[in-house]
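I have placed the structure first, in the form of structure tokens, so that the comments after it can refer back to it.
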Amino acid sequence: MKTIIESLLELTDISDNNNRIEVYKGMAQKLKDATEEVQFHLMECFYSNLCGLMAHSEMGRTEYKKVNQLLQHFHNVLVK
């Protein structure tokens with residue numbers, strides 16, 4: 001979970017879009033504050049939201065790669 005939260009916070013520094021920055025910050029904070037059971041549900045929601053974000057947003061290469069890496073982390077946690 002620590003890796004996912006750190007990746008979300010890194011995205012706040014990488015992104016050039018204020019709306020996405022707020023989304024990443026919000027996701028990180030929600031995961032920090034949630035219980036383990038709630039974290040799993042949040043990750044399922046965040047995974048689908050980030051997939052949609054990648055499909056419908058124009059983002060720089062660095063941000064795109066970081067989001068893609070983050071999705072892989074989500075996938076690894078959710079599949080276990």
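The chain is numbered in sequence order, starting from 1. Note: hydrogens, waters and symmetry copies are ignored here, and every other heavy atom, side chains too, is used.
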**OP:** Can you sort out the partners of K65 under salt bridge (Lys or Arg N to Asp or Glu O under 4.0 Å), two or more places apart, ordered by chain and number?
**Re:**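 K65 satisfies salt bridge (Lys or Arg N to Asp or Glu O under 4.0 Å) with no other residue.
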
How would you list, by chain and number, every residue that makes a side-chain hydrogen bond (donor to acceptor under 3.5 Å, both in side chains) with [X], sequence neighbours excluded?
X   : result
Q72 : N76
N17 : none
E22 : none

Just to verify, what does [X] make a side chain to side chain contact (heavy atoms under 4.5 Å, CB included) with, not counting sequence neighbours?
X   : answer
C51 : Y47, L71
T3  : S7, H73
K32 : I5, L9, Q29
D16 : R20, E63

Original post:
Which pairs, with at least one residue in residues 33-49 and sequence neighbours excluded, count as a salt bridge (charged side-chain N to carboxylate O under 4.0 Å, His left out)?
Top reply: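 Sorted result for residues 33-49: empty, none.
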
Report the distance from atom [atom1] of [X] to atom [atom2] of [Y], rounding to the nearest 0.5 Å.
X   : Y   : atom1 : atom2 : value
L78 : F40 : CG    : CZ    : 5.0 Å
M27 : C45 : CE    : SG    : 9.5 Å
I21 : I14 : CD1   : CD1   : 10.5 Å
N18 : T12 : CG    : OG1   : 11.5 Å
L70 : L8  : CG    : CG    : 5.0 Å

**OP:** Show your reasoning for whether side-chain contact (heavy atoms from CB on, under 4.5 Å) applies to F46 and I4.
**Re:** CA-CA 11 Å; F46 294 166; I4 290 172; over 6 Å; no

Subject >> Shortest non-hydrogen separation from M54 to M59 and the atoms involved >> reply: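 Looking at all heavy atoms of both residues, the shortest contact is CA-CE, 4.3 Å.
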
Subject >> Steps toward side-chain contact (heavy atoms from CB on, under 4.5 Å) verdict (Y24, V67) >> reply: CA-CA 10 Å; Y24 300 142; V67 172; 3.6 Å; yes

